[in-house]
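Naming convention: chains lettered A, B, ... in sequence-line order (proteins, then strands); numbering from 1 in each chain.
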Amino acid sequence: MTGALRLVENPVDRLARTLEALLVIASSPLSIEELAAASEDETERVETALGLIASRYREGRSGIVLEHVAGGYAFRAAREAAEACARLVERPVQRGLSQAALETLAVVAYLGPVSRPEIAKIRGVAADSAVAGLVERGLIAEAGRESDGGAVRYRATPLFERVFGLSGLSELPRLDDLAEGSEELRSRLEEVAGRRGA
Amino acid sequence: MTGALRLVENPVDRLARTLEALLVIASSPLSIEELAAASEDETERVETALGLIASRYREGRSGIVLEHVAGGYAFRAAREAAEACARLVERPVQRGLSQAALETLAVVAYLGPVSRPEIAKIRGVAADSAVAGLVERGLIAEAGRESDGGAVRYRATPLFERVFGLSGLSELPRLDDLAEGSEELRSRLEEVAGRRGA
Amino acid sequence: MSAVAVRDLDLDLDSFEGPFDLLLTLVLKDELELADVEVAGVVAAFVERLAERASPDLEACGEFLVLMAALLELKARGLFPDEDELAFDDLDPEEAAGELAERLALYRRFKAAAAWLEERLAAESDRYFRLGPAPLAPVPERPLAPQDPVALASALRQLAADPPAPSLSHLELRFPPVSLFLDRFRAVLSRRRQFVFDREVDSLSRVEQAVAFLALLELRKVGEIKLGQPAPFEPITVWSAS
């Protein structure tokens, strides 16, 4: 149609337009495989086209930004428009997550699938209301049972990855790297004990 | 930000980017007034910026198209991508039912009419989202209340029977080895749930 | 530092800043989640204060031990919500200590992970995206594929199956209440003028012996008893103070 007006059309241009269309109607991030299946094209060409889209839809250039998140690709609003977006929509998913909810979320994200008794054992307090709240927000979801008749287990959802801007759970920092504080405390104790002994 | 790199930035360019951002996160069409309120700009300038967006996001030029519908403005997929979009939305051929949905459906089919608190008691976890999902799919439906002002009860629907290839609920596989009759089955399930300590 | 000053011990923890006394009050009023209180931080603050002195203050140490024991008891109780169902049981002391240390270390890690998530959320607060379908997206017809009714029966069978016996090994590290031993020692001293502590607690588990010892310190602190020990590691004799 209007293609006839263009002297040269880049061969991936048409594919890129198809992918733009898919991304603008999708309700969650789309993987390269999903994009390839819907556009009936090869994954390599899809990757090339995504590169083209990423360069067009980026911060500062466009109000729409392509991001790699939750194992796929999705459009989001540019950060410079955050205040306008805040006036338009609420953010019920992430608003007011309590300390208990964050700790429960951390346990599920790192150890999931994991049951409520297992979460309670780690946190030292019952996890029922924190788990129910996180399910309600869609950040965690049921993932089968431990065994026949066992407790229900939970895992983090793609929405969790999306809200926290993670391309996948593997992007979470290693637990061991996070806990250096406890070593510090121990050496502080030993140091003080040493001073006393001297 | 990158505006500094541009020799000339059209004064409505920034507003246009803000409107793009608002349109890409909106879940329904936005009126000019809504766009003006969220961007804290004048309706006339918003109209000008929308003109700019419409010329960028149009058939043949982009996979994203700005559409003016009854309620206001919204992005849609370009027509040339209609087939790909159809493949995307049809493709997740219902993979069947989640464990949570299957358990809830089984409780309703065998023990119905049954209320959400009763389902939760047997499953050991809140049943709200599973029940809502099954109602939305038309597999279960409301069937009165437990008593005046009591909890709403649910039963399986004719659609449920069709999907499961049954001519009636009496054709459900028998569970004689577990209990005689639905009352005994219910008390057995509740008793096990109690022992599960959920 | 006098014994009284223990209660004024200034604390600067992640979850709490102020005197020890206030921390205990808040915990007892349920205004502070005990799971959030780093007991090790309290101990470190105390040891640092103690190190400033030329000679050890046994009175202050005794007071501190009793208060910390109370704090630990509360915290331990929080770990075992249905204590009535659990039987007293001995756990190899080394296993018990190892289990407790491991669990505290694990909790610390997840607390750090939660802090990381919180920071991340703040950093991503200007990222907005649409939840749910686009306004003009094509509406899919998604008929449910035919299903097998046997799946329903097996779902109910699963729900009717006896739950697997949970491993209770991690629950066996239990602290009996200090009050149990307060009552017990008072009862013994009402019958006899004196008794030998070691003989009295000989049949108990290590954890129970530790709590019994704390009860002894408590009775000594309030002046109900006198203690005697011929030499370190010799049996402790307990007399009624009256």
Side-chain angles (χ1 to χ4, degrees), chain B residues 21-30 65 67 69 71 74-77 82 85-86 88-97 99 102-107 109-111 122-124 137-139 159 162-166 171-175 177-179 185 188-189 192-193 195-198, chain C residues 76-89 103 120-174:
Chain B
L22 293 169
L23 290 165
V24 88
I25 65 160
S27 45
S28 56
L30 298 173
V65 172
E67 178 87 20
V69 291
F75 283 138
R76 65 165 169 84
C85 292
L88 180 75
V89 295
E90 300 298 347
R91 216 181 38 84
V93 182
Q94 218 47 67
R95 285 166 303 217
L97 299 159
Q99 181 69 17
L102 198 62
E103 285 179 7
T104 304
L105 198 51
V107 172
Y110 278 90
L111 303 181
I122 289 168
R123 291 195 57 230
R137 288 172 170 199
L139 295 173
L159 175 63
R162 275 207 299 285
V163 166
F164 281 83
L166 305 165
E171 270 186 36
L172 283 167
R174 301 190 71 83
L175 294 169
D177 52 320
L178 292 181
L185 182 60
R188 168 153 184 181
L189 286 168
V192 172
R195 262 185 289 148
R196 201 157 50 228
Chain C
R77 278 171 191 285
L79 291 170
F80 313 118
D82 2 296
E83 54 184 310
D84 296 341
E85 293 174 18
L86 298 168
F88 247 89
D89 215 339
R103 217 190 293 180
R120 181 87 183 187
L121 208 52
E124 299 296 317
S125 63
D126 58 355
R127 255 178 73 253
Y128 280 80
F129 53 86
R130 172 168 43 77
L131 285 172
L136 302 179
V139 181
E141 274 286 316
R142 282 193 209 174
L144 197 63
Q147 306 281 320
D148 187 354
V150 171
L152 294 172
S154 61
L156 274 198
R157 262 178 229 289
Q158 266 193 40
L159 283 176
D162 272 318
S167 160
L168 290 177
S169 63
H170 62 278
L171 294 178
E172 284 165 1
L173 177 64
R174 289 189 66 254

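In this structure, chain C has heavy atoms under 4.5 Å from both the backbone and the side chain of Val163(B). Heavy-atom distances place no part of Ala137(C) under 4.5 Å from chain B, backbone and side chain included. The parts of Leu105(B) that come within reach of chain C are both its backbone and its side chain, each placing non-hydrogen atoms under 4.5 angstrom from that chain. In this structure, the portion of Leu139(B) lying under 4.5 Å from any heavy atom of chain C is its side chain and not its backbone. Both the backbone and the side chain of Pro149(C) come within contact range of chain B, with heavy atoms under 4.5 Å apart. Contacts of Val107(B) with chain C are made by both backbone and side-chain atoms, with heavy-atom separations under 4.5 Å. In this structure, chain C has no heavy atom under 4.5 Å from any part of Leu23(B). Residue Leu102(B) touches chain C through both its backbone and its side chain, counting heavy-atom pairs closer than 4.5 Å. Within the 4.5 angstrom heavy-atom criterion, only side-chain atoms of Gln99(B), from C-beta onward, approach chain C. Contact annotation for Arg174(B): only backbone heavy atoms (N, CA, C, O) come within less than 4.5 Å of a heavy atom of chain C.
The heavy-atom pair separating Pro173(B) from Ala153(C) by the smallest distance is CB-CB, 3.8 Å. Across every non-hydrogen atom of Ala123(C) and Asp126(C), the tightest pair is O-OD1, 3.7 Å. Across Leu172(B) and Ala109(B), no two heavy atoms sit closer than the pair CD1-O, 3.7 Å. Between Ser27(B) and Arg130(C) the shortest heavy-atom distance is CA-CD, 4.1 Å. Looking at every heavy atom in both residues, Val89(B) comes nearest to Pro138(C) through CG1-O, 4.0 Å. The two residues Pro135(C) and Ala74(B) come nearest to each other via the heavy atoms CG-CB, 3.9 Å.
For the atom pair CG (Leu97(B)) and CD (Glu103(B)), the distance works out to 12.0 Å, reported to the nearest 0.5 Å.
When each of Leu185(B), Leu189(B), Leu111(B) is scored by its heavy-atom pairs under 4.5 Å with chain C, the top score falls to Leu189(B).
Among residues two or more places apart in sequence or in another chain, the side chain to side chain donor-acceptor pair (under 3.5 Å) test is passed with Arg76(B) by Glu59(B), Glu67(B).
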